[in-house]
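Only a predicted model underlies this, so the values are computations on that prediction, with no experimental measurement involved. Each ligand, and each atom within it, is numbered from 1 in the order the structure gives.
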Amino acid sequence: MALKDIEKRVSAARKEVEARGETFYPGASRIHLAAFPPKERWDDWVELDTRAWPKRVEHHYMLVPTTCFNCESACGLLAYVDKETLQVRKLEGNPEHPASRGRNCAKGPATINQIQDPDRILHPLKRSGKRGEDKWVRVSWDDALDDIAGRIRKALVEKRNNEIMYHVGRPGEDGYTERVLAAWGVDGHNSHTNICSSGGRAGYQYWMGYDRPSPDHSSAKVIFLISAHLESGHYFNPHAQRIIEGKQNGAKLIVLDVRLSNTATHADHWIAPYPGSEAAICLAIANDLIQSGAYDRDFVRDWWNWHEYLVAEHPKLEPTFESFERVLKGLYTSYTFEFAEKESGVKADVLREISRIVATAGTRLSTHNWRSAAAGNLGGWQVSRTLFLLNALLGAVATEGGTFPNAWNKFVPRPIYTPPHPHVWNELSWPVEYPLAMNEMSILLPHLLQDEGRGKLDVYFTRVYNPVWTNPDGFSWIDALTDEKKVGLHVALTPTWNETAYFADYVLPMGVGSERHDVHSYETHDSQWIGFRQPVLRTARERMGETVKDTREVNPGEVWEENEFWIELSWRIDPDGSMGIRKYFESKKKPGEKLGVDEYYGFIFESSVPGLPEKAKAAGLEPLDYMRRHGSFEIQKKIGALYKNEVPAAELEDVATDQHGRVYTRAAKPATPNIVPQPSPDPDAQGRRLAGVNVGGKVLRGFPTPSGRLEFYSRTLVDWGWPEYALPTYIKSHIHPDELEEGQMPLIPTFRIPIQIHTRSANAKWLDEIAHTNPLWMHTSDAARFGVKTGDLVRVETEIGYFVVKAWVTEGMRPGVVACSHHMGRWKISDERGQRQMMATVDLDRKGSKRKMRRTKNVEPFASSDADTARVWWTDAGVHQNLTFPVHPDPISGMHCWHQAVRVRAADPGDRYGDIFVDVEKSRVAYEAWMKKTRSAKKVSPDGTRRPYWLLRPLKPGRDIYKLPESSRTPERSEGTVANEKKK
Ligand code: SF4
């Protein structure tokens with residue numbers, strides 16, 4: 001087509017779109033480099049073949065939206081499907097997506113590498129040698145499904161429900177698989193959360209009843225980040241663009257990070273405190289706000305549970321707000337800037353200046369801590385709790401430019417079936433020693449399997465999860481996974497080889513982000529949206545009039561998607577429906593037939609996403625078709641302060657108000673829980689549910705905490721044996737200078753680089769070319785002490801072993817601390833299988849409790865279906881440091897406390913780059929030592945249950961299952977609880 005004809009089309013499309021009052025994207029790159037293809041032209045988008053230049057050879061594409069699966073942000077992507085070859089040519093941003101707005105990080109477009117990866121797994125494989133011998137045979141999906149289903153059916157029939165476990169890293173979806181497990185009646189959900197965010201979550205949960213923050217960065221006056229959030233944080237790209245918008249609007253950016261990260265380089269104030277001292281800094285700022293009266297008195301009066309605190313802890317005082325203010329003034333006086341300087345090493349005057357800036361923010365203070373310090377330190381959960389204290393003092397909660405609870409900026413739709421809560425409790429995920437753990441204690445699984453009487457696994461699924469590599473103590477994982485008495489059958493669901501899959505019985509090929517269905521919604525900004533991931537070739541073929549029954553028909557090889565896999569597997573577990581499972585996987589439209597993904601998602605989009613059916617109708621489409629064409633839908637913008645919503649009179653029936661202003665009702669819960677916050681804690685003595693709180697004579701929604709308010713004082717922590725941590729406070733880290741032995745220093749292994757994502761991106765050649773090493777960051781003064789320079793080998797000794805890595809000497813690092821990115825050090829056990837462009841080949845050596853890993857072959861060029869693999873110029877793949885870390889579970893949040901006390905020195909003459917040594921006996925000793933820090937529910941539970949019912953928990957079992965078995969209860973109580981009982 002001639003250029004002038006294209007321009008005519010563009011001009012006509014512009015008029016048409018603008019007449020409808022919608023935004024017109026100016027079009028192809030010849031007009032504007034940052035332009036997007038206008039959606040009116042997505043069915044036939046024309047680009048010229050660059051390689052044919054100067055000839056004008058046109059390519060016609062169908063643009064199909066999907067969602068990136070290379071991190072949790074779920075940014076929109078547009079797949080360019082070549083209409084001639086029906087192959088994906090490239091992926092770029094989807095301008096229709098409300099969170100990413102057409103922008104992506106490097107990992108989004110690199111999805112095309114993952115589709116075309118010459119080393120990807122294309123067919124179901126079954127182990128043919130011993131576990132870990134790397135011998136495999138190709139099997140049919142039918143055989144694999146029948147074998148796995150038969151084993152699950154037998155376990156269920158024999159009431160061994162707790163022997164079935166699904167262990168997921170990045171879910172990438174909202175609840176689909178949890179409902180599969182609920183339908184099977186198993187408490188078998190295990191996650192990666194305690195290597196990621198249990199610490200961050202706990203701090204927020206105890207304040208708000210919600211376990212995540214949603215900062216409104218773009219409207220903030222001050223942005224306070226405890227992390228490298230701008231380059232690599234949670235909701236990375238959607239947040240990064242809004243942080244930059246905030247800066248463009250004049251916001252001041254404060255960053256706490258031991259490294260001069262890319263985020264720190266954008267900060268107005270970068271400080272590098274001693275790791276673990278962050279809570280002391282937040283408390284010094286809080287104390288300053290309190291002493292200077294710079295806090296929002298009305299907000300604190302109305303929304304903190306100060307009354308409950310005074311009555312419980314200061315019973316002799318008159319329970320007035322004025323009394324509370326007097327107490328508050330005395331609570332944090334020891335947290336001076338000088339104290340914070342002593343802990344953090346940051347000058348008191350610098351902290352004072354930062355505090356003054358925070359005070360100017362008013363209600364426009366956006367703060368964020370997620371992994372970072374909350375994930376690195378014993379007591380790290382108090383970092384997010386003390387950071388949110390600043391928001392709570394300034395009233396910067398659910399305000400424009402403030403920080404929201406995540407659930408108000410997220411939308412989880414109601415699915416077609418909701419199976420009941422499972423009637424079992426799995427001690428292998430939720431051990432009794434951790435009644436307050438935010439999520440499953442997944443890092444402990446190898447040790448729990450080793451403990452006498454905890455249980456074993458008959459069928460263990462890993463999915464987008466690679467614990468041998470990602471978790472600490474990987475050699476203990478290898479030991480557990482190779483022991484068939486502990487793990488009967490291991491099924492790895494993965495698109496690509498990983499270190500854990502080598503120790504599986506089945507390796508089943510799953511789709512990447514453009515080859516599968518999922519719905520999701522995340523708290524990227526003050527809005528509620530829903531995104532739709534889809535197999536783009538299926539959608540393209542359907543748009544061309546073809547019928548696709550099964551995603552395998554369009555995916556490479558026999559690659560499948562999990563949704564169809566779970567439906568098929570569930571039918572084979574319960575083929576005649578007699579177990580009560582099959583009914584949750586049957587079509588409602590065609591009873592007796594299998595549920596299909598079109599019906600599953602069609603139901604959601606038709607009946608449970610407000611506004612979507614109307615929007616689709618206006619476009620002349622069915623809701624499912626609308627989502628297939630647009631990939632996302634924004635339900636509501638500017639959600640605002642939902643806690644201030646008045647509870648309608650219809651929801652107030654036979655109400656009772658307690659002394660703290662909690663209002664209970666007998667009326668049923670309203671049916672719109674996604675839009676309206678619903679307090680869900682315990683009912684009152686008469687069985688009424690909490691409806692809200694009385695503020696100024698009105699019943700307002702409040703927060704889903706036991707008090708209905710923001711919990712400055714956590715009665716839950718008091719009642720469950722931790723009264724010393726009931727208020728926001730500072731807990732000294734396990735790597736605090738007081739805890740270090742002579743010659744030790746902290747290693748920060750938590751930081752992530754923006755280009756790679758754990759083990760999911762080694763199958764992207766562009767990313768591997770950019771980032772393929774993880775040297776040890778060290779300050780010039782430390783390097784001089786060790787006698788090393790950049791590139792020299794150093795040995796880093798941990799509690800259980802050591803690793804050998806290259807030094808990187810820089811001024812951009814806090815002296816006395818070293819850091820190493822956790823995205824590198826991929827390995828394979830033979831040359832035959834694995835990501836050859838990013839995995840080194842290694843020898844694993846096992847003698848008694850001693851484990852060694854030595855590299856036998858670096859990355860090198862190779863011949864494959866992709867000519868670029870012959871051009872691989874890098875040889876490095878980094879060093880797998882996590883293998884040398886023991887488990888460090890925080891006794892409250894359950895978070896693995898990642899930071900390590902290490903000794904660093906120049907490598908020995910016999911050391912080689914990438915060498916790893918570990919003594920797993922020492923791993924066991926470390927596990928037992930950290931278990932001693934816990935306060936078991938058997939000792940501290942105030943009501944004979946395993947866990948406070950109001951705390952969030954994936955796949956929450958029925959309430960009766962929360963009861964501890966009679967035999968396991970003990971009259972012994974912890975000192976904390978005894979002390980508290982005396983107070984009562
Ligand atoms: S931030 Fe990058 S990796 Fe994450 S979803 Fe967006 S494009 Fe993908």
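Proximity of A74 to ligand 1 is established by a heavy-atom distance of less than 4.0 Å.
Heavy-atom contacts from other residues, nucleotides or ligands closer than 6.0 Å to NZ of K252 number 12 or fewer.
The closest donor-acceptor contact from the side chain of S521 to the backbone of W529 lies under 3.5 Å.
Near F236, with a cut-off below 4.0 Å to any heavy atom, the atoms of ligand 1 are 1 (S). The atoms of ligand 1 that sit less than 4.0 Å from any heavy atom of N70 are 3 (S). Distances below 4.0 Å separate heavy atoms of G108 from the following atoms of ligand 1: 7 (S). Each of the following atoms of ligand 1 lies closer than 4.0 Å to a heavy atom of N237: 1 (S). Of all atoms in ligand 1, listed by their number and element, those nearer than 4.0 Å to a heavy atom of N104 are 7 (S). Set against the non-hydrogen atoms of C68, the atoms of ligand 1 under 4.0 Å away are 3 (S), 5 (S), 7 (S), 8 (Fe).
Interatomic distance, NE2 of H880 versus CE of M824, reported as 13.0 Å (0.5 Å rounding). Within the model, atoms CH2 of W469 and CG of N498 stand 10.5 Å from one another, a figure rounded to the nearest 0.5 Å.
Within the 4.5 Å cutoff, side-chain heavy atoms of D82 are placed close to those of H59.
Of the charged side-chain nitrogens involved, at least one lies within less than 4.0 Å of a carboxylate oxygen, so that R538 and E564 count as a salt-bridged pair. Using a 4.0 Å cut-off between charged side-chain N and carboxylate O, R628 and D598 make a salt bridge.
Put simply, C105 stays out of reach of atom 4 (Fe) of ligand 1, with no N, O or S atom under 2.8 Å from it. Residue C75 counts as close to atom 6 (Fe) of ligand 1, with an N, O or S atom under 2.8 Å.
Ranking the protein heavy atoms by distance from atom 3 (S) of ligand 1 puts K107 CE, 3.3 Å first. For atom 4 (Fe) of ligand 1, the nearest protein heavy atom (residue, atom name, distance) is C71 SG, 2.3 Å.
For an aromatic pair to be called close, the ring centres must be under 6.0 Å apart, and H239 with H368 satisfies this.
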